[in-house]
Number of protein chains: 2
Amino acid sequence: MSDPAELLREHNIPVTAQRLAVMKAVSDRPHSTAESIAEEVRAGIGTISRQAVYNVLGVLSDNGLIRRIQPAGLPALYEDRVGDNHHHLVCRTCGKTVDVDCAVGETPCLTAAGDAGYEIDEAEVIHWGTCPECRKESDSKASSS
Amino acid sequence: MSDPAELLREHNIPVTAQRLAVMKAVSDRPHSTAESIAEEVRAGIGTISRQAVYNVLGVLSDNGLIRRIQPAGLPALYEDRVGDNHHHLVCRTCGKTVDVDCAVGETPCLTAAGDAGYEIDEAEVIHWGTCPECRKESDSKASSS
DNA sequence: TTTAAAAATGGACTCTGTCAAGTATTTGCA
DNA sequence: TGCAAATACTTGACAGAGTCCATTTTTAAA
């Protein structure tokens with residue numbers, strides 16, 4: 001069940017070395033970009049084309065095996081953790097991203113006040129802020145000026 | 001007070017024709033991209049460089065005079081309406097974006113459960129769905145197949 | 001009116017991501 | 001096990017959005 005190859009078969013997705021390697025990379029390093037996933041994969045199986053990485057990530061997220069998040073101004077990030085409606089906290093300075101659970105409840109803000117006729121299928125919540133490291137940086141810069 | 005030139009002076013931003021024109025364009029067409037703002041401005045004052053548009057939009061949003069939103073996979077959008085913590089509803093198919101007020105309250109989801117040491121300054125909520133027009137489209141396509 | 005600071009221009013460039021044509025793998029079936 | 005059809009992968013060109021930088025122009029203060 002948690003065997004990657006098995007997971008793919010369950011979804012009728014042909015098993016390839018590239019797909020397994022990408023799944024492993026996403027799992028090992030949550031919140032990675034396509035580019036860093038490609039690097040990780042190359043370290044494992046030697047080589048993969050950029051296109052294949054995008055293909056695989058597309059197939060996996062279409063099937064709900066991974067989740068894609070796209071913070072404003074940053075390249076898309078991919079993560080393993082699906083199906084639990086958690087959100088993200090992104091550092092404005094360095095882009096480092098961590099998971100957060102929303103304080104409001106299980107499906108926070110999923111209901112908009114007046115849907116304007118839209119059929120809403122997902123609410124994406126991104127918290128913007130400054131991570132501990134970057135706060136130290138800016139503090140020391142501010143005090144030295 | 002609502003005079004654009006006055007607004008700029010209040011923020012110690014030099015008044016230029018480009019800035020006034022960009023402000024007007026953002027105000028006239030909320031949820032525009034930088035590119036469509038550039039077109040609008042050219043219609044008004046004849047010419048503006050891409051760089052100037054980005055500069056002005058950057059200065060204005062740094063000063064809180066406009067707000068930048070960047071839905072995943074779409075170019076950044078700019079709007080006039082600031083300071084009231086409203087959210088957005090974006091069509092997955094055509095990208096059309098409308099404002100929504102959150103049902104939860106005044107500052108919905110602003111508090112994450114456990115901030116991981118981050119200093120949070122903003123919560124961005126984007127509702128994803130399908131707009132009325134695109135729903136009709138896909139319905140008619142589905143029934144004809 | 002002069003001048004230093006700030007902004008705008010124009011053009012090259014980077015970074016993500018996509019398209020398309022050809023080659024290689026996977027899988028189902030004999 | 002071997003073969004054929006379907007599916008993936010590779011390579012290289014391309015596109016959109018935004019940034020960098022050197023130069024010219026404009027602003028605003030003296």
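A, B, ... follow the sequence lines: proteins, then strands. Residue 1 opens every chain. Atom set for the values below is all heavy atoms of this structure, side chains included, hydrogens, waters and symmetry mates excluded.
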Rounded interatomic separation in angstrom, taking CG from B/L57 and P from D/dT19: 10 Å
Heavy-atom side-chain proximity of B/T93 to B/E133 below 4.5 angstrom: no
Proximity to the side chain of B/P75 - top-ranked nucleotide from D/dT10, D/dA17, C/dA6: D/dA17
Measure from the side-chain heavy atoms of A/A76 and tell me the nearest of C/dG17, D/dA17, C/dA7. C/dG17
Of B/I13 and A/N12, the one whose closest DNA chain D nucleotide lies more 5': A/N12
Rounded to the Å, how far apart are B/N55 CG and D/dG18 C1'? 11 Å
Check: C/dG10 base within 3.5 Å donor-acceptor of B/R50 side chain: no
Compare all side-chain heavy atoms of A/L74 with those of A/V90 and state whether any distance is below 4.5 angstrom. yes
Salt bridge between B/E122 and A/R92, side-chain N to carboxylate O under 4.0 Å? yes
For A/D99 and A/H88, test the side chains for any donor-to-acceptor distance below 3.5 angstrom and give the result as yes or no. yes
In whole angstroms, the gap separating P of D/dT10 from CZ of A/R42 amounts to 9 Å
If you only use heavy atoms from C-beta on, which nucleotide in C/dT9, C/dG17, D/dC9 is closest to the side chain of A/Y54? C/dG17
Is A/T16 close enough to D/dT7 that one of its side-chain N or O atoms is under 4.0 Å from OP1 or OP2 there? no
What is the distance, rounded to the nearest whole Å, between atom CD of B/E39 and atom P of D/dG16? 13 Å
Between the side-chain atoms of A/E35 and the base atoms of C/dC15, is any donor-acceptor pair under 3.5 Å? no
Could you state the atom-to-atom distance from CG of A/L74 to C1' of D/dG18 in whole Å? 14 Å
Counting side-chain heavy atoms from C-beta on, which of D/dA28, D/dT7, D/dT10 comes nearest to A/P14? D/dT7
With a non-hydrogen cut-off below 4.0 angstrom, is B/V59 in contact with a base, only sugar-phosphate, or nothing? nothing
Between B/E39 and B/I37, is there a side-chain heavy-atom distance shorter than 4.5 Å? no
D/dA17 P sits how many Å from B/L77 CG, rounded? 11 Å
Over how many whole Å does the gap from A/L8 atom CG to C/dT26 atom C1' extend? 13 Å
Does C/dT9 have OP1 or OP2 under 4.0 Å away from a side-chain N or O of B/Q18? yes
Separation of atom CD1 in B/I45 from atom C1' in C/dT9, rounded to whole Å: 12 Å
